[in-house]
Protein chains: 2
Amino acid sequence: MDLIFHALAHPARRKILDLLKSLPGCSVNDLCQYFEFSRIAVIKHLQVLGEAQLVIAKKNGRKRELYFNAVPIQMIYDRWTTEYSSFWASKATDLKFQIEASLSKSKRGSKKS
Amino acid sequence: MDLIFHALAHPARRKILDLLKSLPGCSVNDLCQYFEFSRIAVIKHLQVLGEAQLVIAKKNGRKRELYFNAVPIQMIYDRWTTEYSSFWASKATDLKFQIEASLSKSKRGSKKS
DNA sequence: CCGATATGTAACTTATTGGTTACCTATGAA
DNA sequence: TTCATAGGTAACCAATAAGTTACATATCGG
């Protein structure tokens with residue numbers, strides 16, 4: 001579970017998933033065209049995604065056909081819907097309108113970060 | 001969106017969300033009892049969660065009542081169900097059974113929590 | 001065979017995270 | 001006021017993440 005959350009944490013890796021959804025079976029080099037950074041960086045992101053089983057690959061000659069695998073995402077989906085669903089549109093949500101501030105903006109104006 | 005994924009990437013922060021779900025309105029010090037590391041580390045995790053709007057706080061005297069906020073999670077849920085749902089139990093899933101290997105079989109030692 | 005292409009690994013550098021200790025601010029109670 | 005408690009900030013340090021260049025391997029088309 002940790003591997004999945006970790007893999008999804010980087011925007012480039014989520015972009016890879018989006019690309020693989022649009023271009024199933026595309027190669028590593030195909031993916032590289034959509035990124036600023038080097039092919040090696042893409043490969044490393046693919047490794048992280050592979051550890052989380054979010055990307056699977058089928059070798060075809062000297063190419064690798066890459067595919068998005070939604071199964072791990074289903075796991076996270078299940079975790080949220082089962083463990084957090086009781087909070088959807090419930091008390092915690094409503095609190096947004098009665099609570100003075102979120103943690104992200106500290107009140108005491110003395111300091112700036 | 002990036003803030004949310006980033007906030008969810010660390011197991012301690014997901015644990016905080018679970019705790020706040022069980023103990024709505026609890027204080028920072030209350031939370032600290034469930035972690036090995038220091039109160040300051042907990043506060044920092046709370047800041048990350050606050051930036052992602054996953055935790056909101058109501059000040060009560062010198063205490064802060066902390067609450068889990070599921071709204072950002074709904075956003076992610078929506079993203080997945082709308083953008084990835086076509087892949088659920090579809091071709092990419094089936095590929096698991098015909099593909100020689102996932103990308104993950106490479107070295108890379110185990111990740112820690 | 002050869003050279004070009006496609007991919008992967010090793011070693012390294014830098015940026016970011018996650019944690020610490022020490023200190024500061026604010027509130028509640030004696 | 002004085003002091004303990006709850007919370008937060010600043011400065012710093014260690015571990016990890018994210019990227020690089022250089023090198024290695026494997027496959028395809030002459």
Side-chain angles (χ1 to χ4, degrees), chain A residues 2-3 5-16 23 25-52 55-67 100-113, chain B residues 2-3 5-16 23 25-52 55-67 100-113:
Chain A
D2 203 35
L3 289 174
F5 279 106
H6 173 250
L8 291 171
H10 198 290
R13 290 194 285 267
R14 296 196 301 277
K15 182 175 175 182
I16 287 178
L23 310 165
C26 81
S27 71
V28 176
N29 272 340
D30 292 342
L31 276 185
C32 291
Q33 299 185 308
Y34 298 89
F35 295 94
E36 312 297 292
F37 42 72
S38 74
R39 181 181 58 87
I40 290 85
V42 172
I43 288 180
K44 285 194 176 184
H45 284 307
L46 282 171
Q47 286 170 342
V48 174
L49 290 166
E51 287 169 17
V55 169
I56 47 185
K58 176 179 184 177
K59 193 150 195 183
N60 182 9
R62 61 182 163 180
K63 291 195 176 184
R64 296 201 88 166
E65 297 173 0
L66 303 171
Y67 298 90
E100 36 117 2
S102 87
L103 279 175
S104 57
K105 35 203 157 197
S106 178
K107 297 265 92 174
R108 316 150 45 234
S110 52
K111 298 295 190 328
K112 54 193 66 171
S113 34
Chain B
D2 203 33
L3 289 174
F5 278 107
H6 174 249
L8 292 171
H10 197 288
R13 290 194 286 267
R14 296 198 301 277
K15 181 175 175 182
I16 286 178
L23 310 165
C26 81
S27 70
V28 175
N29 273 339
D30 292 343
L31 275 186
C32 291
Q33 298 184 308
Y34 297 90
F35 295 95
E36 312 298 292
F37 43 72
S38 74
R39 181 181 58 87
I40 290 86
V42 173
I43 288 181
K44 286 193 176 186
H45 284 306
L46 283 171
Q47 286 170 342
V48 175
L49 290 166
E51 286 167 17
V55 169
I56 48 185
K58 177 178 183 177
K59 192 150 195 183
N60 183 10
R62 61 182 165 182
K63 292 195 175 183
R64 298 200 86 166
E65 298 173 0
L66 303 170
Y67 297 91
E100 36 113 3
S102 88
L103 282 172
S104 64
K105 65 175 185 180
S106 50
K107 33 86 219 201
R108 282 176 82 95
S110 63
K111 297 244 176 261
K112 318 212 57 216
S113 304

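Here the structure is a predicted model, which is why all the values come from computation and not from measurement. Here is how names work: the chains are called A, B, and so on, in the same order as the sequence lines, proteins then strands, and each is numbered from 1.
- Contact annotation: A:S38 side-chain N/O to D:dT20 OP1/OP2 distance is under 4.0 Å.
- The backbone N or O of A:L8 sits less than 3.5 Å from a side-chain atom of A:R14, completing a donor-acceptor pair.
- Residue-to-nucleotide proximity on DNA chain D shows that, of B:K63 and A:A41, the 5′-proximal contact is made by B:K63.
- Taking atom CD on A:E65 and atom P on C:dA6, their separation rounds to 14 Å, with Å as the unit.
- Taking both residues in full, the closest heavy atoms of B:L66 and B:A57 are given as CD2-CB, 3.8 Å, listed atom of the first, atom of the second, then distance.
- Between A:H6 and D:dA17, a side-chain N or O to OP1/OP2 separation shorter than 4.0 Å is present.
- Summarising the geometry, the separation between CD1 on B:I40 and C1' on C:dG18 is reported as 13 Å, rounded to the nearest angstrom.
- OP1 or OP2 of C:dG8 has not a single side-chain nitrogen or oxygen of A:Q47 nearer than 4.0 Å.
- As a whole-Å value, the separation of A:R13 CZ from D:dA18 P is 5 Å.
- With hydrogens and angles ignored, a donor-acceptor pair closer than 3.5 Å exists between the side chain of A:R62 and the base of C:dT5.
- Residue A:F5 contributes atom CZ, which lies 18 Å from atom P of C:dT17 at whole-angstrom precision.
- For B:L46 and D:dA6, the CG to C1' distance is 13 Å, given to the nearest whole Å.
- Annotation: cation-pi pair B:K15/B:F35 present, NZ/CZ under 6.0 Å from the ring centroid and within 45° of its normal.
- Taking 4.0 angstrom as the limit, A:S27 places a side-chain polar atom (N or O) nearer than this to OP1 or OP2 of C:dT7.
- Closest non-hydrogen pair, B:A9 versus A:D2, comes out as O-OD1, 3.8 Å.
- The distance between atom CG of A:L31 and atom P of C:dA6, rounded to the nearest whole Å, is 14 Å.
- Between C:dG8 and A:R64, a contact under 4.0 Å exists linking OP1 or OP2 to a side-chain N or O.
- Rounding to whole angstrom units, NZ of residue A:K44 and P of C:dA15 are separated by 15 Å.
- For C:dT7, the OP1/OP2 oxygens have a side-chain nitrogen or oxygen of A:N29 closer than 4.0 Å.
- Between A:A12 and A:G61, the residue whose closest nucleotide on DNA chain D is further toward the 5' end is A:A12.
- Rounded to an integer number of Å, the gap from B:I43 CD1 to D:dG7 P is 8 Å.
- A close approach under 4.0 Å does not occur between any side-chain nitrogen or oxygen of A:H45 and OP1 or OP2 of D:dA17.
- No more than 12 heavy atoms of other residues, nucleotides or ligands lie within 6.0 Å of OH in A:Y34, so this atom counts as exposed by the packing criterion.
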